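Remember, predicted model here, so these are calculated numbers, not experimental data.
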Amino acid sequence: MKYTQLGRTGLKVSRLVLGTMNFGPQTDEADSHAIMDAALDAGINFFDTANVYGWGENKGRTEEIIGNWFAKGGDRRDKTVLATKVYGNMAADGEAWPNHDKLSAVNIRRAVDASLKRLRTDRIDLYQFHHIDRATGFDEIWQAIDTLVQQGKVLYAGSSNFPGYKIAQANETAARRGGTIGLVSEQCLYNLAERRAEMEVIPAARDYGLGVIPWSPLHGGLLGGVLKKEVQGGRRASGRAADVLADPAGRAQIQAYEDLLDKHGVEPGEAALAWLLTRPGVTGPIVGPRTAEQLTSALRAVELELSDELLTGLDEVFPGPGPSPEAFAW
């Protein structure tokens, strides 16, 4: 495994991040524990989750599965850089009582304590804001986070799904307050098929020293050889991937992508991850395996070297927006 610093911090994290969203809804506890053991054995030390994972009436279940894994001992907790998130409505019926969601100081304090209990740990290494809260100012948010840092419950704070201007607002407010390190990471939707983050989010993250943690690196399976799997009678596309393939132009683009990688003898899913690892500012993509086999495939991407010819071909199939602000100004 290869490691890098998380943004401007001294924290060393693996170039792949283990995403746990499938733990509970799609992967049972025993298999989830086996995947986490395999990830740690492979050198992945960066695990990502969220308080809402488990979804519906099972919100919080994923954190519980991770907590039960930590409780097995064997230095599991000390070897893991643990990231979770706050914002979502935790009510099983979807009807949140006032102040039981988003980023008020009241909810942040409540949510941290609830996550710590489910995770069976005394600290969260990276506490991420799952979305912007238009009703809560960053002075209030940082006051709450500063208190948690002083209490030792949280070590670093990060954002998720923030636009560039909110990253700037958050860290300018932190700088003005003094004594607050501010955001150290941004977790955003970023992959070969979805490169809008290059317009504003990634430039802002790089300027403010945030590590970029892409989620959905295979764009809902679209970049994982979906057409080849169709032919072989495998799992059919759903969600975001199915929507793209329903459009003839989108389907043709994915076919060109798979043909290009077939020409170079590279597996699509591994190439998509390896491409992200070449991108400036990227700490590491989040991989969310449902099975141990999917984790093994993701691990191969860390060692995969993409040729200049292949990188050029990928840019031709999936052209990015270009440098900011020229991409939208001229």
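For E186 (side chain) and F162 (main-chain N/O), a donor-acceptor pair under 3.5 Å exists by modelled atom type. Between the side chain of K153 and the backbone N or O of D113, no donor-acceptor pair lies under 3.5 Å. In terms of modelled atom types and a separation under 3.5 Å, the side chain of Y257 and the main chain of P268 share a donor-acceptor contact. Looking only at distances, no side-chain donor or acceptor of T136 sits under 3.5 Å from a matching main-chain atom of D133. Listed for the Y156 side chain is no donor-acceptor partner under 3.5 Å among the backbone atoms of S185. Proximity of a side-chain donor or acceptor of Q253 to a complementary backbone N or O of V317 within less than 3.5 Å is detected. The backbone N or O of G211 sits nowhere less than 3.5 Å from a side-chain atom of Q5 that would complete a donor-acceptor pair. The main-chain N or O of R61 is never found under 3.5 Å from a side-chain atom of N58 such that the two would form a donor-acceptor pair. Proximity of a side-chain donor or acceptor of H33 to a complementary backbone N or O of D31 within less than 3.5 Å is not detected. A donor-acceptor pair is defined here as one N or O able to donate and one able to accept, closer than 3.5 Å; such a pair exists between the side chain of S32 and the backbone of T27.
Of all heavy-atom pairs between A170 and L183, the closest is CB-CD1, 3.6 Å. Scanning both residues, G288 and N22, for their nearest heavy atoms gives O-ND2, 2.8 Å. Residues F318 and A193 approach most closely at CD2-CA, 3.9 Å, considering heavy atoms. Considering every non-hydrogen atom in both P280 and I202, the closest pair reads O-CG2, 4.0 Å. A pairwise comparison of heavy atoms in V212 and C188 identifies CG1-SG, 3.8 Å as the closest pair. The heavy-atom pair separating P321 from M199 by the smallest distance is CB-SD, 3.1 Å.
Counting non-hydrogen atoms of neighbouring residues, nucleotides and ligands closer than 6.0 angstrom, the CD atom of E57 reaches no more than 12 such neighbours. More than 12 heavy atoms of other residues, nucleotides or ligands sit less than 6.0 Å from atom NZ of K72. The number of heavy atoms from other shown groups lying within 6.0 Å of CZ (R8) is above 12. Other residues, nucleotides and ligands contribute at most 12 non-hydrogen atoms within 6.0 Å of the CZ atom of R109. Crowding of K102 atom NZ: a count of heavy atoms from other residues, nucleotides or ligands under 6.0 Å not exceeding 12. Around atom CG of D308, no more than 12 heavy atoms belonging to other residues, nucleotides or ligands sit under 6.0 Å away.
Atom CG of L11 and atom CG of L126 lie 8.0 Å apart (nearest 0.5 Å). Interatomic distance, NZ of K2 versus CD of E303, reported as 5.0 Å (0.5 Å rounding). The line from CG of L148 to CZ of R123 is 15.0 Å long, rounded to the nearest 0.5 Å. Here L223 contributes atom CG and L273 contributes atom CG; the two are 9.5 Å apart, rounded to the nearest 0.5 Å. Distance CG/L222 to CD/E258: 8.5 Å, rounded to 0.5 Å. Distance check: R15 CZ to L276 CG gives 9.5 Å after rounding to the nearest 0.5 Å.
Side-chain contact annotation: K229 with Q232, donor-acceptor N/O pair under 3.5 Å absent.
The cationic atom of R77 (NZ for Lys, CZ for Arg) lies less than 6.0 Å from the six-membered ring centre of F70 and within 45° of the ring axis.
One finds a salt bridge joining R300 and E270 here, because a Lys/Arg side-chain nitrogen approaches an Asp/Glu carboxylate oxygen to under 4.0 Å. Under the 4.0 Å criterion applied to side-chain N and carboxylate O atoms, D146 and R177 are assigned as salt-bridge partners.
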Exercise. Before giving the answer on ring pair (Phe, Tyr, Trp, His ring centres under 6.0 Å), spell out for F23 and W69 the whole-Å C-alpha distance, their side-chain angles and the decisive distance to 0.1 Å.
Key: CA-CA 12 Å; F23 295 174; W69 180 74; 9.3 Å; no
ask   = Where do W142 and T173 land on the side-chain contact (heavy atoms from CB on, under 4.5 Å) test, with the steps shown first?
value = CA-CA 8 Å; W142 288 128; T173 302; 4.0 Å; yes
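The aromatic rings of H131 and Y87 lie tilted to each other, with the angle between the two planes from 30° to 60°.
W215 pairs in a side-chain hydrogen bond (donor to acceptor under 3.5 Å, both in side chains) with only one of the listed residues (N191, D48, N161), which is N161.
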